[in-house]
Amino acid sequence: MTDRKLPTSLIHLPGAPDRRTVNPPIERASTLLFETEETLYGPKPTYGRLGLQVHRELEEALCLVEGADFAQLAPSGLTACAMSIASIVRSGDHILISDSLYGPTRRFCERRLASMGVTSTRFAPRATDALEGLVKENTTAIFLEVPGSLTFEVSDTPAIVRLAKERGLKTVLDNTWGAGIHYRPLDFGVDISVQALTKYPVGHADAFGGAVLTRDKALAGRIGATAEDWGLSLGPEDAYAALRGMRTLPTRLQAHERAGLIVSEWLQTHEKVYQVLNPALPSHPDHAIWQRDFSGSNGLFGVILKPCSKTSLDKMIGSLSLFRLGFSWGGFESLLIPCGEQLNRMDSDWTAQMPGPLLRLHIGLEDTDDLIAELDRALAHLTE
Ligand SMILES: *Cc1c(COP(=O)(O)O)cnc(C)c1O
């Protein structure tokens with residue numbers, strides 16, 4: 001069975017028991033019932049919060065995808081990020097966080113962790129050489145996201161892991177963009193990989209979920225204890241949605257990748273577009289690192305427009321109908337948001353180098369001819 005390819009294994013999970021239905025049942029349970037007093041206290045799961053068959057099969061699918069040995073599920077991607085970092089720090093520690101981390105994760109570090117006595121310093125995701133200078137006596141971990149949210153900067157993960165190992169630091173990487181299919185941080189020696197299942201794994205914009213993955217048994221114990229102490233669990237319906245999504249994840253991702261490239265390449269040649277931020281394009285500044293470390297891309301990328309007025313941008317966005325306005329991504333539908341105000345970078349470099357507004361596009365599973373025709377009509381509104 002080990003020589004099977006990933007898409008096959010995700011459909012025929014080796015650990016799934018024989019049963020009459022293709023899918024595991026959704027068991028809605030807080031209380032589990034026991035035949036005898038002796039079994040009441042073990043073996044686990046002895047309580048619904050620890051998850052049941054759907055959760056076990058989802059964990060198995062995630063371990064396959066990421067090459068992990070242990071998976072801890074979380075109620076959302078953000079809780080998975082928070083849980084992973086909370087599992088490896090204690091009061092008095094200092095951590096380094098990428099300046100292009102998902103905004104709410106930076107907020108967790110800078111507000112919640114800070115209130116618990118853990119300080120953090122942001123680092124520029126591309127400035128690998130400068131990172132060593134930021135390591136302090138009490139630094140214990142580095143939190144990366146590759147490529148980073150909104151700007152799609154690709155960090156040199158192997159180089160950062162090398163530094164971390166030399167200095168005895170743990171590394172955590174938010175792998176939501178790569179989804180484990182196109183990027184496997186644990187293969188590079190990253191200690192913990194984190195995913196928002198809400199995005200491509202669920203794939204239909206109708207459920208939340210998060211996962212924390214590792215090969216390290218001791219770390220897995222600490223992550224499990226964090227979930228236990230905070231009482232965090234993923235609801236069975238959401239776990240089911242994520243497991244169902246995992247079956248078609250490689251296939252859907254291929255389609256998003258193909259469409260994402262077609263639309264990116266088209267946008268890149270458009271006269272109103274200043275730059276397309278998609279690491280799969282040869283013109284992207286980090287394309288070489290992306291090509292070395294990733295096996296593919298997806299439908300999410302950024303676009304920096306040439307200077308234009310707010311009025312014409314509003315007209316452009318207002319004219320869209322296939323591209324809907326909304327947060328999150330990874331579903332079957334195309335989305336677009338202006339996202340300059342979310343940037344909140346430590347230095348003004350990013351905003352300074354953007355001549356016009358920053359948009360984030362998610363290319364869904366619609367036909368690309370229709371999407372391009374709509375973008376073409378919409379961009380024509382940028383007349384001033
Ligand atoms: C969406 C997202 C999250 C958070 O996921 P939720 O399930 O919405 O909490 C975390 N990291 C990245 C990179 C994301 O895009």
Side-chain angles (χ1 to χ4, degrees), residues 23-32 44-63 65-66 68 70-89 97 101-113 115-116 143 145 149 172-180 192-214 219-247 249 326-331:
N23 294 292
I26 301 178
E27 294 162 287
R28 301 176 58 92
S30 52
T31 300
L32 303 178
K44 287 180 177 176
T46 49
Y47 192 46
R49 196 164 55 216
L50 302 173
L52 294 162
Q53 189 58 29
V54 173
H55 300 78
R56 297 295 92 77
E57 289 180 35
L58 175 58
E59 287 160 4
E60 189 191 356
L62 288 163
C63 283
V65 156
E66 293 261 0
F70 305 95
Q72 171 65 55
L73 300 174
S76 69
L78 181 56
T79 10
C81 292
M83 231 163 90
S84 61
I85 204 79
S87 299
I88 55 173
V89 295
I97 61 172
L101 276 193
Y102 177 64
T105 306
R106 280 180 294 175
R107 186 178 63 202
F108 169 78
C109 295
E110 291 170 353
R111 188 166 71 186
R112 193 57 35 208
L113 278 186
S115 78
M116 293 156 65
F143 199 132
E145 181 182 321
S149 279
V172 182
L173 193 149
D174 185 332
N175 192 27
T176 303
W177 193 87
I192 300 173
S193 179
V194 181
Q195 276 196 44
L197 304 178
T198 315
K199 308 295 166 56
Y200 283 120
V202 163
H204 294 72
D206 56 358
F208 276 101
V212 185
L213 300 130
T214 185
L219 276 181
R222 287 160 75 177
I223 296 160
T226 305
E228 204 167 60
D229 291 344
W230 281 346
L232 297 172
S233 67
L234 178 61
E237 316 272 353
D238 282 358
Y240 186 89
L243 176 62
R244 179 163 67 179
M246 294 297 291
R247 319 294 192 167
L249 180 62
F327 296 108
S328 200
W329 46 274

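As a basis for the values below, the full set of heavy atoms in this structure was taken, side chains included, without hydrogen atoms, waters or symmetry mates.
- Remark: Thr198 engages no residue in a side chain to side chain donor-acceptor pair (under 3.5 Å) (not counting sequence neighbours).
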Result block: side-chain N/O donor-acceptor pairs under 3.5 angstrom for residues 224-231, not counting sequence neighbours:
{"residue": "Thr226", "atom": "OG1", "partner": "Ser87", "partner atom": "OG", "Å": "2.7"}
{"residue": "Thr226", "atom": "OG1", "partner": "Arg222", "partner atom": "O", "Å": "2.9"}

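- In this structure Arg247 satisfies the salt bridge (charged side-chain N to carboxylate O under 4.0 Å, His left out) test with no other residue, sequence neighbours excluded.
- Not counting sequence neighbours, Arg111 has no partner by the salt bridge (charged side-chain N to carboxylate O under 4.0 Å, His left out) test.
- By the side chain to side chain contact (heavy atoms under 4.5 Å, CB included) test, Thr176 is found to be paired with Asp174, Ala196, Lys199, Trp329, residues two or more places apart in sequence or in another chain being considered.
- How far CG of Leu197 is from CG of Leu73: 7.0 Å, rounded to the nearest 0.5 Å.
- The nearest pair of heavy atoms linking Tyr47 to Leu32 is N-CD1, 3.5 Å.
- Legend: side chain to side chain donor-acceptor pair (under 3.5 Å) pairs involving residues 70-83, not counting sequence neighbours, sorted by first then second residue: Ser76-Thr79.
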Donor-acceptor list for residues 48-58 side chains, cut-off 3.5 Å, not counting sequence neighbours:
{"residue": "Gln53", "atom": "NE2", "partner": "Glu57", "partner atom": "OE2", "Å": "2.6"}
{"residue": "His55", "atom": "ND1", "partner": "Leu52", "partner atom": "N", "Å": "3.0"}
{"residue": "His55", "atom": "NE2", "partner": "Leu234", "partner atom": "O", "Å": "2.7"}
{"residue": "Arg56", "atom": "NE", "partner": "Glu59", "partner atom": "OE1", "Å": "3.0"}
{"residue": "Arg56", "atom": "NH1", "partner": "Gly51", "partner atom": "O", "Å": "3.0"}
{"residue": "Arg56", "atom": "NH2", "partner": "Leu50", "partner atom": "O", "Å": "2.7"}
{"residue": "Arg56", "atom": "NH2", "partner": "Glu59", "partner atom": "OE2", "Å": "3.3"}
{"residue": "Glu57", "atom": "OE1", "partner": "Arg19", "partner atom": "NH2", "Å": "2.9"}
{"residue": "Glu57", "atom": "OE2", "partner": "Arg19", "partner atom": "NH1", "Å": "3.0"}
{"residue": "Glu57", "atom": "OE2", "partner": "Arg19", "partner atom": "NH2", "Å": "3.3"}

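- Considering every non-hydrogen atom in both Leu101 and Arg106, the closest pair reads O-NE, 3.0 Å.
- With sequence neighbours left out, the side chain to side chain contact (heavy atoms under 4.5 Å, CB included) criterion links Ala68 to Cys63, Glu66, Leu186, Leu213.
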Donor-acceptor pairs are to be reported for all side-chain atoms of residues 235-246 against protein atoms at under 3.5 Å, with residues two or more places apart or in another chain.
{"residue": "Glu237", "atom": "OE2", "partner": "Arg28", "partner atom": "NH1", "Å": "2.4"}
{"residue": "Asp238", "atom": "OD2", "partner": "Phe208", "partner atom": "N", "Å": "3.4"}

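- In this view, Glu60 satisfies the salt bridge (charged side-chain N to carboxylate O under 4.0 Å, His left out) rule with no residue, not counting sequence neighbours.
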